[in-house]
**Student:** 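Can you keep this structure in mind? I'll have questions shortly.
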Amino acid sequence: MVLLLTVTVAICVLGICLGSIYLLNRQIDRAGS
Amino acid sequence: MHLIPHSWAHLHMLVSVFPSVGLVFVLGMYITSLRTDNKLLKRSSLAGLAVLALLVIPTYVSGSGSMASVLANPQTLAGMTRPYAPSLDAHYAWSWAAMAALVITGALAGYELYRFRHIGYLSEQMLKLILALGILTLALMVVVGELGWEIMHAELRFNPASLKIDPGSTTPQTWAHVHMIVNHFPTVGFTVGLAFYLIALYADNEGMKRASLVIFTVCSILGIPTYVTGAAAMWMLTEIPGISQAAINAHRDFALWSLFGMGFTGVTAWIQLWRYRHLGSFSNRALYLVLAFAVITFGFMAETGHRGGQINHPEIRVDALPTDANAYLSPHIENLINNVQYFVPWQTVHFFGYSLVFGTVLAVTLRIFGFWKSVPFSAIHRILPLGVFGVTMNIFTGMLMLMADTFRYVNEATFIPKMFFLPIGAIAVLYFSLSESLWKVKAGEEAPISAKWVAGLVLLSWMTVIMGGRLLPYV
C-alpha cells in the first residue's frame, strides 16, 4: 500500500509540475519563433 | 456577520493594524514608484498614505473606547492574571507620537495630490520629505504595535515557572511572539495589494500590476512562517488557563485554507512576473485569475484572523466559544498523517521538491558567480519555474509532515534556522525574477556585484533550509 500510494502521489505531483512548466515554456518558444 | 465589530476593542483590533502594518506595504509601493518613476503608482501611494492618516480617527476613537472598557471591567480579562496596565499606558503614550507623525505624513501626501491637480506635476523635494516622514512614522509604529500586542497577550510576557508549566510540554515564547507579528502581514498585505491591483487593472498600468503581483507573492511566502509559528504557539497557549483548544482548532482549519489560497495566489502571481520578463506582456485571463484567487484567499484570511482573535481576546467575544476540539479538520489530518502509510508518500514528494529547489538555485547562483559565462542570464531565467514549483511542493508536503508531530519538530534546535532562512531564500529569489541589471547580462558578461551578494544569500539560505531539515532528528 505504501509503495502504491508513494508511486501514485509522486507521479501525479511531478506530472502536474512538469506539465505546467512545459506549457509555460511552449508559450515563450512560440512567441519567440 | 460576526466580522462586523461589536465593541470598541474589536474595532480597534481590526482598524489599528492598517496604520502600522499597512504602512509597510504602502511605503514599499511608494519606494517602488520613486525608483521606477511610475507616476500613477506615486499618486496611488500618496493617496494610500492619506487614507492611512484618516484611519487614525477610528483607531484613536476605538482605542480610547476599548481602554476605558478594559479598565472599567477587569472581569473581561476572564480571571487571568494579566499585568496589562504598564503596556497599556506606554502604548497610549507612544501612539500619540506615531499618530501625529502619520497625520503629518498623510496631510503632506494629500496636499501634494491637491497641488498635482493644479500644476500637473509632483515636487521631488516634497516626495523625499514624505518618504523620510513615512519611515519615521513606521519606526514609531513598530514601538506602538509591540506595546499594543503585549497588553492582552499574556503569553508574550509570562514566566512559565510562575504557572508551574512543565517545560517538556510547552514551546518557547518566541514562537508566539513571532506569530503575533507575522500573522498581520499576509492579511493586511493582501488588502493593500488588492487595492493597488484593482487600480492597476482599471488604469492598465504595467508597472503597478507588477508591483501588486510582488506584494501577493511576498505575502504568500510570509504565509509559511505564519502557519508554522502559529502551530508552535499553540503548545504554549494551551498551557494558559482560559484558552480553548477547540477555538484554536477552529482557527487552524481556516489557517489551512488560507495557506492553500496563498499558495495558489502566490504561484499564479509569480508566473505572471516570470512570463512578463520573456514576453513583455501579461496574460489578461491570468491576471483576472490572480484577482479571483486573491479575493477568495482574502476571505479565508479574514475568517482566519477573526477566529484567531477569538482565542486570546475575551473582550471581543460575542458568541460562545466552540467546545468540541475534535469537531475540526486539523486534528483528523494530524491523526491520518501520523500513519506511515500517508506520511511516506508526502515525504517522498518533499525530497523531489528540494532536489528541484537546490538544482535550480545552484544553476542560477553559479551563473551569477561567473560559471558558464557563455550562457546569457535570460536563458537561466527560463529554469526558475522549476525551483518555484519545488518550493510550492515543499510548502504543502512540509506542512503535512509538520502536522504529523508538530510538538517534536518545533522544539528541535535546527528547525529555527530552517524556518528563518526559508522565507529569506524564497523572497530573495524574487530578485532573480525581477532585477533589470541581471536580465541584461548577456553571454560572456559578468553579473553585477549586488547580484553576487544576493546569490550568496540565496545559496546559504537553501543550504541551511535543507541541512536544518535533515538534521532535525539528530541535533
Side-chain angles (χ1 to χ4, degrees), chain A, chain B residues 263-264 267-268 270-286 289 336-337 339-357 359-360 376 378-398 400-401 433:
Chain A
M1 190 65 180
V2 175
L3 181 68
L4 183 68
L5 272 174
T6 304
V7 172
T8 312
V9 168
I11 289 175
C12 288
V13 174
L14 286 175
I16 293 168
C17 164
L18 297 177
S20 311
I21 288 169
Y22 170 73
L23 291 174
L24 285 169
N25 278 285
R26 196 176 63 163
Q27 266 189 332
I28 292 169
D29 287 335
R30 280 187 177 172
S33 62
Chain B
F264 280 104
V267 170
T268 44
W270 181 83
I271 286 174
Q272 282 311 298
L273 290 169
W274 175 81
R275 188 181 180 273
Y276 186 86
R277 265 278 169 248
H278 293 276
L279 300 178
S281 66
F282 292 113
S283 149
N284 252 339
R285 236 181 320 171
L289 184 68
L336 207 65
I337 205 74
N339 185 329
V340 73
Q341 189 171 306
Y342 298 106
F343 185 85
V344 171
W346 297 114
Q347 190 185 35
T348 309
V349 174
H350 200 72
F351 292 168
F352 275 120
Y354 70 63
S355 307
L356 284 175
V357 175
T360 311
S378 57
I380 292 283
H381 193 278
R382 292 274 302 257
I383 65 167
L384 285 176
L386 270 177
V388 170
F389 278 102
V391 173
T392 314
M393 278 155 64
N394 279 14
I395 289 169
F396 291 111
T397 53
L400 285 172
M401 290 160 71
S433 323

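Chain A is the first sequence line, chain B the second, and so forth, proteins listed ahead of strands; every chain is numbered from 1.
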**Student:** Of the backbone (N, CA, C, O) and the side chain (C-beta and beyond), which part of B/V349 lies under 4.5 Å from a heavy atom of chain A, both, or neither?
**Tutor:**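 The side chain, not the backbone.
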
**Student:** So which heavy atom on B/G387 is nearest to which on B/V357, and how close?
**Tutor:**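 For B/G387 versus B/V357, the nearest heavy atoms are O-CG2, 3.7 Å.
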
**Student:** Could you report the tightest heavy-atom contact between A/A10 and B/F352, atom names first, then the distance?
**Tutor:**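 Looks like CB-CE1, 3.9 Å.
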
**Student:** What do the steps show when you test B/V267 against B/V391 for side-chain contact (heavy atoms from CB on, under 4.5 Å), and what is the final call?
**Tutor:** CA-CA 10 Å; B/V267 170; B/V391 173; over 6 Å; no

**Student:** Measuring heavy-atom distances to chain B, does A/L3 have an atom under 4.5 Å in its side chain, in its backbone, in both, or in neither?
**Tutor:**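 Contact with chain B is absent: no heavy atom of A/L3 under 4.5 Å.
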
**Student:** With a 4.5 angstrom heavy-atom cut-off, could you sort out which part of B/L356 is near chain A: side chain, backbone, both or neither?
**Tutor:**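 Just its side chain gets close to chain A.
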
**Student:** Tell me, for A/L14 versus chain B, whether the close heavy atoms (under 4.5 Å) come from the side chain, the backbone, both or neither.
**Tutor:**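 Contact with chain B: side chain only.
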
**Student:** State the CD1-CD1 distance between A/I11 and A/I16, to the nearest 0.5 angstrom.
**Tutor:**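 It comes to 12.0 Å.
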
**Student:** If you count the non-hydrogen atoms of other residues, nucleotides and ligands that lie under 6.0 Å from CZ in B/F343, is the total more than 12?
**Tutor:**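 Counting neighbours around CZ of B/F343, more than 12 heavy atoms of other residues, nucleotides or ligands fall under 6.0 Å, so yes.
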
**Student:** Could you work out all donor-acceptor pairs shorter than 3.5 Å where one atom is in chain A and the other in chain B?
**Tutor:**
residue, atom, partner, partner atom, Å
A/N25, OD1, B/R382, NE, 2.8
A/N25, OD1, B/R382, NH2, 3.2
A/Q27, OE1, B/R275, NE, 3.1
A/D29, OD1, B/R382, NH1, 3.4
A/D29, OD1, B/R382, NH2, 2.8
A/D29, OD2, B/R382, NH2, 3.4

**Student:** Can you tell me how far apart CD1 (A/I28) and CG (A/L23) are? Round to the nearest 0.5 Å.
**Tutor:**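 Answer for the CD1-CG pair, A/I28 versus A/L23, is 11.5 Å.
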
